[in-house]
Structures are given as C-alpha cells and as structure tokens.
Amino acid sequence: MDIDNVVAYLDKLPIDYWDVFYERKKIFEVYLMNGSLKDVQGVDKSGVGIRIISNGVEKYFSTEAINDGNIIKEEIERLVRVDGNGKAKIENSSKEKGRYTIKPDFPEEPLSEIKELCHKFSSEKINNVEIAYESMILEREFINSNGAHIFQSIPRNRVAYFLSVIEYGKVTRYYDAIGELNKFIIDGLDDETIEERKKLVQKLAKARHPKAGTYDVVIDESLTGVLAHEAYGHSFESDLIERKQSALSDSFDEKIGNISIVDDPTEKCFGHFKYDDEGMRGRKRFLIKDGMFLEKIENLRFGRGGSGRRESYEDLPIPRMSNTYFLPGDYSDEELIGEVKDGYFLLDSIGGQVMRSFQFTCQYSYRIKNGEIKELCRGTTFTGDVRKAAEMIDGVGKERIMRAGRCEKDEQTIPVGIGGPKLLLRKIQLGGV
Amino acid sequence: MNIEKFINHVPDPAQIRIIEGREMKYEYEDGYLSNVNSKYTKTYYIRVIHDGKLGSAYCYSEDQIKDMYEKACKNGVPFSGRDFPEVKERGKSYLEKNISYETLRELCEIDFEWPKKVLSERRIGKYYESSLSFLDNHGTEFFSDGNYVYLNTEIALEDRVISYENASLNPNYLVEDISNNINEMLEVPKTPIKVSGKQDVVLFIRETANFLDLVLNGLHGDYIEEKNTWSWDKFGKKVFSDITVVEDPNAKLIERTIIDDDGVKVKKKMLIKDGTFLTPVYDYFTAKKYDKESTGNGFFVPDDSHGIDFTNIIVDGKEKYDLENCIVAYDIMGYHTCDENSGKITLGISLGALVKRGEMKGLVRDLNIVGSIEDLIKNAAITKEKKMFFRYHTPELVLRGVKVA
C-alpha cells in the first residue's frame with residue numbers, strides 16, 4: 001500500500017487526527033570474546049506505524065507488512081470501531097516540511113577494526129575481553145493530517161567493551177560504552193586510553209570496597225549526566241507530571257537548589273535530532289534555571305510537543321529527553337577535590353534508576369582525605385532523595401563533557417546524550433562494606 | 001516463493017523459523033480508555049551453516065528469503081557443527097480459550113476500589129498470541145501456538161508511586177494477584193524508619209523473580225566455559241542454601257513450549273538441587289562449540305544468531321521463613337547495574353517495610369545492599385506461600401543476615 005493510498009484512505013475516515021510513521025533501520029552488530037567472533041548480524045528492517053485519534057482515544061497499529069494493504073485496512077477499521085470516551089487529543093500538530101540527513105562516516109561492516117581493538121585490549125593479565133559494536137542508520141518519514149511531511153536520517157555507532165580479571169578465583173570486571181553520531185567511534189579510542197583501562201581493571205581486582213556511610217563526594221561527568229537525566233530529566237516529562245508520578249510533582253513552584261539543567265536535541269551528541277518523531281522541530285529547553293523550574297519535556301499528547309520520541313515504528317511517541325546536561329560552573333577539578341575533607345571521588349557510571357529516590361552506581365572510586373586523592377577503591381552505589389539532592393550540590397565544575405547513553409522508559413529504549421561538569425555533593429549516602 | 005521447496009534445494013544445512021504474532025494493548029488513565037495499540041508481525045528467521053560458519057538473518061516477507069539466505073551465508077560465526085538439530089516433535093497448540101481481546105478489556109476496566117485515595121491510576125493490559133513453525137532441510141515442519149495476557153497497574157499516591165505487573169494464562173488469577181499485591185503495598189506506613197546493620201530481607205515476588213534471573217544467568221554454559229561468570233567453578237557445590245530450582249516447559253506458565261529456538265526438545269530438568277548447582281545449560285551452538293549436548297535452552301531474539309535462556313521455573317526449598325522480624329523489599333533499584341559476570345551486586349531498596357513481630361512498623365527507603373550473589377544466596381530461605389509471576393512459580397526469597405546501609 002503506497003504512501004499516497006494510505007493518505008487517501010486515512011483522510012476519508014471519520015477521525016480527528018492521523019499520522020503515519022515509516023521507518024527503515026539498517027543495523028550492523030558484532031560481538032567478540034577474546035578475539036573470537038561470537039555473533040555478527042546485519043539487519044535491514046522496515047515498518048510502519050499509523051496513529052489515529054477518534055472518540056478521545058489514541059489508536060495505533062504497526063506492522064512490517066507495509067505492502068499488505070488488506071492487513072493495514074482491516075486493522076485500522078477495527079481500531080476505528082473501538083469505542084471509548086477518552087480525553088486524548090492532539091492540538092497544534094506539526095505542519096513542517098523538510099529533509100534532514102546526516103551522512104554516516106563509519107564503515108558499513110568494520111569487522112577487522114573491531115578485531116584489532118579486541119587484540120589491543122588483550123593481554124596475559126586480562127582473562128576476558130568482550131567487545132560489542134553496533135551501528136545503526138535510522139531513516140524515518142513522518143506525514144500527518146495537518147500537512148506535515150518530514151524525512152530524517154541519522155546514523156549512530158557505539159562500542160561497549162568489557163575487561164575481566166580473575167584474582168583469587170573472583171572475577172573483577174570493568175565496562176565502558178561510548179558512542180558517536182556519524183564519526184567512527186573506534187577511531188576515538190586511542191592507545192593511551194586502552195592501556196589505562198587495562199591497568200585500571202587489574203588494579204581494581206586488588207582494590208578494596210569503599211566504606212558505607214555518609215560522605216562528601218565529587219562525581220565525574222558520567223555520573224553528573226546520569227543525575228541530570230535520571231533524577232531531574234525524567235521528573236520533567238509531561239506524561240509523568242500529568243499522572244502525578246513525577247518525583248518533583250509537588251515541587252515545581254519551589255526553588256530546587258541553584259542548579260541549571262538543559263535538554264537540547266540540536267546539539268550533535270548521541271540524542272540529537274532536528275525533528276522529533278511527531279514531526280515537530282526540536283529545540284533547546286531550560287528545564288531548570290538557577291533552581292527554578294522552567295519547561296517540561298513534552299510530546300503532542302501531553303503538551304506542545306517537540307520531545308515526542310519513540311524507539312521504533314512499533315511504538316507510540318512519548319515525552320523523552322534528547323541531550324540532557326548540567327550547565328557548568330566555576331570550580332576547577334582541583335578546587336572541587338580540595339573541598340572534601342573526608343570522602344570519595346566517584347567515577348564511571350554504570351547507570352542508575354529513579355523513583356522518588358535515586359540510586360546510581362559507579363565502577364570505581366578514589367578515597368579523598370583532606371582535599372587530596374588517595375587510594376583507588378572499587379565502585380559503589382549512592383542514593384538520595386531527588387528533591388534534596390539539588391541542595392546537596394555545593395560545587396559545579398567548569399568543563400562540560402557529554403557521553404552517549406541509552407534510556408529505557410515504558411519498554412522503549414532510545415539513544416540519548418547525558419553529561420555535565422564534575423559536581424561536589426555534601427553528605428551523600430554511600431553503599432559499601 | 002515456496003519456502004519449503006527453497007529450503008530443500010539450498011546446498012547448505014539451513015533452517016527457517018517463522019514466528020507470527022499479534023499483540024493488542026489497552027491503556028486506561030483514571031478509568032478512561034487512553035490508547036489502543038495493535039501490532040502484527042510475521043518474521044522469517046533464517047540460519048545457515050556455510051563454509052564452517054553459522055550465519056543468520058531475518059526478514060518480514062517470503063519475497064526476501066532468498067536475499068536473506070545469501071546474507072546469512074556471507075556473515076557468520078565459526079561453527080564446527082554440520083547440521084541443525086532434527087526437529088522430531090509434532091505440533092502442539094497451547095491456545096487458551098478463556099483469553100481474548102474482550103477478556104483483556106474487562107480486566108482493564110475492573111475497579112479495584114483501593115482503600116486509599118489515589119491521585120492517578122494507569123492500567124495497561126496486553127494480549128499476546130504467537131505461532132511458531134520450523135522448516136529445515138529434513139523437510140520437518142513443527143507448529144506450536146500460544147497466548148497469554150499481561151496486566152500492569154500504576155497508582156500515584158501523595159508520597160509514592162506503586163506499580164505491579166504480571167502475566168498469566170489465567171485472567172482471574174491476574175485480577176486477584178494484582179489486587180492482593182497492590183493492597184499489600186498500600187499498607188506500607190508513611191513514616192520512614194532508619195535501619196542499618198544485618199537484616200533479613202524478604203524479596204517481594206517481583207524482586208524475587210528479578211533476583212532469580214540474576215542467579216540463573218550464572219548457569220549459562222557459554223559464560224561458564226569461558227570462565228567469565230561468578231559461578232564458573234560452582235558446579236557440584238552447594239551454593240544456594242537448601243533451594244531447589246526446576247525448569248518445567250510444560251508448567252502452566254507463560255513460557256510453555258515443547259522445543260527451543262534451535263529445534264531441540266526442552267525437557268523438564270532440575271537445575272539446582274538442595275542448593276547444589278547441578279549442570280550448566282546450553283543452546284545447540286554453544287554445546288557444539290564445547291563438545292557438549294544441548295539442554296534445549298536455545299532461546300534468542302531475531303537480532304542474535306543464538307542464545308541461552310529458560311522456559312518456566314519452579315522453585316521450592318526446605319527452610320520456610322516466618323515473616324516475624326525482617327524488611328520486606330517491595331521495590332528494588334539497580335538490577336541493571338549488577339555485574340553478572342563478577343557477581344557483584346549493588347541494589348537499593350526504594351520501597352520497603354520494616355516488620356516487627358509480624359507487623360509493618362515503618363517505611364524503609366534509600367537502603368543499599370552491597371555484596372555478591374554468592375554471599376547473598378548461601379544463607380537464603382523461602383516464604384511459605386508459592387506465587388505465579390510471569391514464568392516463575394515460586395515462594396518469595398529471603399536473603400538472611402544481609403548488611404544494609
């Protein structure tokens with residue numbers, strides 16, 4: 001069923017709104033362990049999602065059977081007949097017309113480069129080296145009943161590496177994942193960084209755990225990014241606010257510390273887009289400025305749109321972040337560390353989660369005593385209340401660094417950018433031994 | 001294209017798995033139908049053994065099968081096997097007649113009459129139906145189909161959000177299960193209590209399932225052979241207290257099946273007996289690589305050429321725990337950051353209740369558990385009552401003497 005037929009068919013239906021989302025996804029994935037190929041896949045996958053609004057209900061059908069007009073018509077007609085007096089509506093939908101393409105600058109199937117990377121990470125003292133590489137080119141076309149017609153093509157590539165050491169029968173593992181839009185990510189891993197990581201995992205195998213307790217901590221940019229994204233970003237998503245599920249639901253009129261957090265899809269980091277997945281132009285938003293709440297992250301269903309994203313054509317767009325970060329401040333790294341009498345420097349996030357509280361995990365840390373970095377320690381967890389965390393921030397570093405990430409919400413995983421400068425936090429609860 | 005004719009004429013051993021699926025989702029917000037989401041998919045998944053490699057590809061129409069076959073021949077991982085398993089089983093239907101789009105919508109519209117004032121309620125119900133066919137060079141065709149329903153309820157209160165989900169072959173069980181579990185979580189007091197030191201932590205059924213997933217990942221043969229998991233040297237040893245874990249593909253839970261994604265018959269088997277890890281599990285590919293037999297645990301998504309997972313899991317044990325003095329952990333964060341290879345765990349209890357003399361005395365939150373899977377399970381116990389949760393039929397796990405901070 002070609003696009004003109006779909007449009008003509010939908011225009012005749014007794015519905016309030018419709019949109020069509022075509023997607024083609026070209027993926028290449030490789031997984032190596034200790035130099036031997038464990039899995040390799042090249043996928044070229046297409047599908048369509050059709051959304052209609054009728055009787056106040058948002059109705060959606062998706063399929064890969066793009067050319068099977070009968071299946072599409074049958075399902076849409078069945079959905080139109082679904083009764084229900086809901087409250088869903090889409091106002092001010094997109095009228096944009098445009099084409100936006102970023103050309104990929106990475107090889108289509110870089111098997112030899114990945115094998116070479118695996119070889120560089122290998123050594124006698126590293127028991128296991130695993131490399132998982134993925135490249136994806138997402139081509140998306142969006143059309144709606146308001147005349148919008150957008151085509152957008154964005155490439156991304158990402159590599160995750162896992163290094164394991166076995167010491168006294170126990171496995172210690174270090175993991176990192178980095179990503180880029182169109183630049184080849186493996187070019188960004190220089191020999192110095194590789195050697196540094198190999199030494200780190202060997203030292204971690206012998207390092208002690210931090211002691212549990214309440215401390216002043218400095219967190220690196222990866223943890224700052226997770227804090228910006230998980231603790232604050234999600235709290236500003238308009239669907240969660242509408243459902244009173246936001247961790248900051250009753251705090252939007254109050255000052256939240258002195259922090260400033262931005263979400264910006266126009267920045268060419270991992271969460272970049274020009275148009276969101278409802279055809280709305282993306283723009284930079286100040287979520288919080290100097291502690292005051294300014295803007296929500298909205299799709300069209302729950303607001304003015306511009307942040308409606310979806311994992312694939314199988315999904316409805318929901319409010320999602322793009323590139324989310326703390327704005328930098330005035331402190332140098334030395335000044336931040338110098339502020340800590342008894343605490344830790346926490347590095348390398350492996351993710352986090354937020355309900356009303358947050359919990360983040362770092363892979364390694366350094367003891368800080370009287371403003372100086374001391375011994376290397378293993379990773380740990382720190383937790384806190386989302387509302388109180390902002391007041392615990394007592395120093396903001398000068399240099400902002402962005403990292404590639406992945407965000408899961410409502411069973412949809414999308415690429416995002418997260419980051420910021422280093423932060424100093426007072427009296428944080430650390431897990432440990 | 002005649003797929004059977006095609007597969008019988010290709011020169012290499014090849015296998016096509018056809019999965020046809022429908023998913024229907026209803027979402028309600030505060031009693032109003034908010035959205036309806038319908039999916040239809042038919043995937044042709046091809047694997048081929050070509051030139052000493054196992055290659056795979058997938059597509060969504062028969063017209064693309066020849067191209068996908070050529071693609072699968074081009075890319076592959078080294079494989080010493082010469083053929084795919086011969087699928088010997090005849091087809092079996094697992095369709096439950098009491099499950100339909102209508103029953104799903106009825107489930108979503110039930111008013112549970114929660115005893116406390118809720119600020120909002122979101123209900124998501126899903127209906128899943130799929131069918132599976134296998135074709136290979138032997139000309140074998142196997143057919144199986146099944147369906148089940150899923151229900152998720154999230155309610156926002158003034159000071160917290162409570163959610164619970166489950167999937168079952170029995171819609172009536174789901175209704176009772178959601179009502180009981182959410183009502184239990186609603187009883188958790190508002191006033192926080194500080195807790196530290198060594199505690200017994202009872203994992204709520206959802207958290208028991210999450211934790212068991214972590215433990216069972218330690219039985220995957222591929223990581224064990226590479227010594228890349230915390231459990232690599234634990235087989236034949238008592239590791240998990242007195243707990244017994246059985247895999248039963250015939251149990252009336254959502255992962256019922258006869259054969260795995262390789263075409264190997266899945267047998268009921270004991271995985272852990274009285275705490276002793278018995279044997280690793282293998283898919284066909286990993287088994288061939290390490291000169292072992294497949295245990296029928298080859299389950300993987302189309303994006304992978306092979307993989308290991310389980311069907312339905314039944315758990316039991318000898319030592320039944322009385323919930324007298326403990327912390328009940330209803331919501332735990334941090335599973336996705338657990339290092340399954342080293343076994344290191346850092347978890348945070350975001351919603352829990354302190355129980356003293358069998359009564360909830362206070363709210364527990366922001367409590368960290370740091371340790372290792374091995375240390376946490378060596379002293380584990382179970383509660384008396386068994387519950388069905390997704391693919392699990394299990395009592396709740398109790399991690400005894402856990403240091404919390």
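The sequence lines fix the lettering, A, B, ..., with proteins before strands; numbering per chain opens at 1. When reading the values below, keep in mind they use all heavy atoms of this one structure, side chains included, and skip hydrogens, waters and symmetry mates.
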Between [X] and [Y], which heavy-atom pair has the shortest distance, and what is it?
X: B/Met24; Y: A/Leu79; value: CE-CD2, 4.3 Å
X: B/Thr346; Y: A/Gln359; value: O-NE2, 3.6 Å
X: B/Val161; Y: A/Gln245; value: CG2-CA, 3.8 Å

inquiry  = Side chains of A/Gln41 and B/Ser56: any donor to acceptor distance under 3.5 Å?
reply    =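 Checked: B/Ser56/A/Gln41 side chains pair up, N/O donor to acceptor below 3.5 Å.
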inquiry  = Less than 3.5 Å apart, any donor N or O on the side chain of B/Asn37 or A/Glu314 sitting next to an acceptor on the other?
reply    =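 Distance-only check fails for B/Asn37 and A/Glu314.
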Chain A contacts, top residue of [options] (heavy-atom pairs, under 4.5 Å):
options: B/Asp159, B/Asp222, B/Ile155, B/Ile124; answer: B/Asp159
options: B/Leu347, B/Thr43, B/Thr286; answer: B/Leu347
options: B/Gly343, B/Pro78, B/Gly76, B/Ser196; answer: B/Gly76

Under 4.5 Å from a heavy atom of chain A, the part of [X] involved:
X: B/Glu29; result: side chain
X: B/Glu158; result: backbone
X: B/Lys71; result: side chain
X: B/Glu121; result: neither
X: B/Thr41; result: both
X: B/Met68; result: neither
X: B/Lys74; result: side chain

message = Within the supplied structure, the quantity of interest is the number of heavy atoms (other residues, nucleotides, ligands) at a distance under 6.0 Å from B/Tyr290 OH; does it exceed 12?
response =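 Yes, because the 6.0 Å sphere around OH of B/Tyr290 holds more than 12 heavy atoms from other groups.
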ask   = Just wondering, are more than 12 heavy atoms of other shown residues or ligands nearer than 6.0 Å to NZ in B/Lys116?
value =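 Yes, NZ of B/Lys116 has more than 12 neighbouring heavy atoms, counting only those of other groups under 6.0 Å.
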Within a strict 4.5 Å, meaning less than it, do heavy atoms of the [X] and [Y] side chains meet?
X: A/Glu75; Y: B/Lys39; result: no
X: A/Val82; Y: B/Arg105; result: yes
X: B/Ser34; Y: A/Val57; result: no
X: A/Gln429; Y: B/Asp366; result: no
X: B/Met333; Y: A/Thr383; result: no
X: B/Tyr40; Y: A/Ile71; result: yes
X: B/Lys344; Y: A/Arg378; result: yes

task = For salt bridge (Lys or Arg N to Asp or Glu O under 4.0 Å), just list the numbers for A/Asp410 and B/Arg122, CA-CA rounded to whole Å, side-chain angles, deciding distance to a tenth of an Å, and then say yes or no.
result = CA-CA 12 Å; A/Asp410 279 4; B/Arg122 185 186 184 202; 2.8 Å; yes
[X] [atom1] to [Y] [atom2] distance, which is reported to the nearest 0.5 Å:
X: B/Tyr58; Y: A/Asp44; atom1: OH; atom2: CG; result: 10.0 Å
X: A/Ile50; Y: B/Ser38; atom1: CD1; atom2: OG; result: 10.5 Å
X: B/Asp30; Y: A/Lys244; atom1: CG; atom2: NZ; result: 7.5 Å
X: A/Asn128; Y: B/Tyr223; atom1: CG; atom2: OH; result: 9.5 Å
X: A/Glu411; Y: B/Lys25; atom1: CD; atom2: NZ; result: 7.0 Å
X: B/Arg365; Y: A/Asp385; atom1: CZ; atom2: CG; result: 5.0 Å

ask   = After noting the C-alpha distance and the side-chain angles of B/Lys227 and A/Asn127, does the key distance pass the side chain to side chain contact (heavy atoms under 4.5 Å, CB included) rule?
value = CA-CA 8 Å; B/Lys227 295 183 183 166; A/Asn127 295 85; over 6 Å; no
Please classify the contact of [X] with chain B as side chain, backbone, both or neither, using a heavy-atom distance under 4.5 Å.
X: A/Arg51; answer: neither
X: A/Tyr31; answer: side chain
X: A/Glu408; answer: neither
X: A/Gln363; answer: neither
X: A/Ser36; answer: side chain

ask   = When you look at B/Glu226 and A/Glu130, which way does the side chain to side chain contact (heavy atoms under 4.5 Å, CB included) test go after all the steps?
value = CA-CA 11 Å; B/Glu226 299 276 348; A/Glu130 293 168 72; over 6 Å; no
ask   = If only atom types and distance count, is the side chain of A/Asp39 paired as donor or acceptor with the main-chain N or O of B/Ser305 below 3.5 Å?
value =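 Yes.
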message = Closer than 3.5 angstrom, by distance alone: can the side chain of B/Ser342 be matched with the main-chain N or O of A/Thr172 as a donor-acceptor pair?
response =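 Pair absent, no side-chain N/O of B/Ser342 close to backbone of A/Thr172.
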query = Out of A/Glu242, A/Arg243, A/Lys38, which one racks up the most heavy-atom pairs below 4.5 Å with chain B?
reply =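 The candidate making the most pairs under 4.5 Å is A/Arg243.
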key: Among the listed options A/Ala247, A/Gly352, A/Gly47, A/Gly56, the residue most often paired with chain B at heavy-atom distances under 4.5 Å   =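 Option with the top pair count is A/Gly352.
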query = Where do B/Asn368 and A/Leu430 land on the side chain to side chain contact (heavy atoms under 4.5 Å, CB included) test, with the steps shown first?
reply = CA-CA 8 Å; B/Asn368 288 317; A/Leu430 279 196; over 6 Å; no
Residue pair A/Glu64, B/Lys42: steps toward the salt bridge (Lys or Arg N to Asp or Glu O under 4.0 Å) verdict = CA-CA 8 Å; A/Glu64 297 85 21; B/Lys42 189 169 185 176; over 6 Å; no
key: Audit row: A/Ser164, B/Asn228, side chain to side chain donor-acceptor pair (under 3.5 Å) steps and yes/no   = CA-CA 7 Å; A/Ser164 305; B/Asn228 198 16; 3.1 Å; yes
message = For B/Glu27, is there an ion pair with A/Lys59 - N to carboxylate O distance below 4.0 angstrom?
response =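 Result for this pair is no, no salt bridge flagged.
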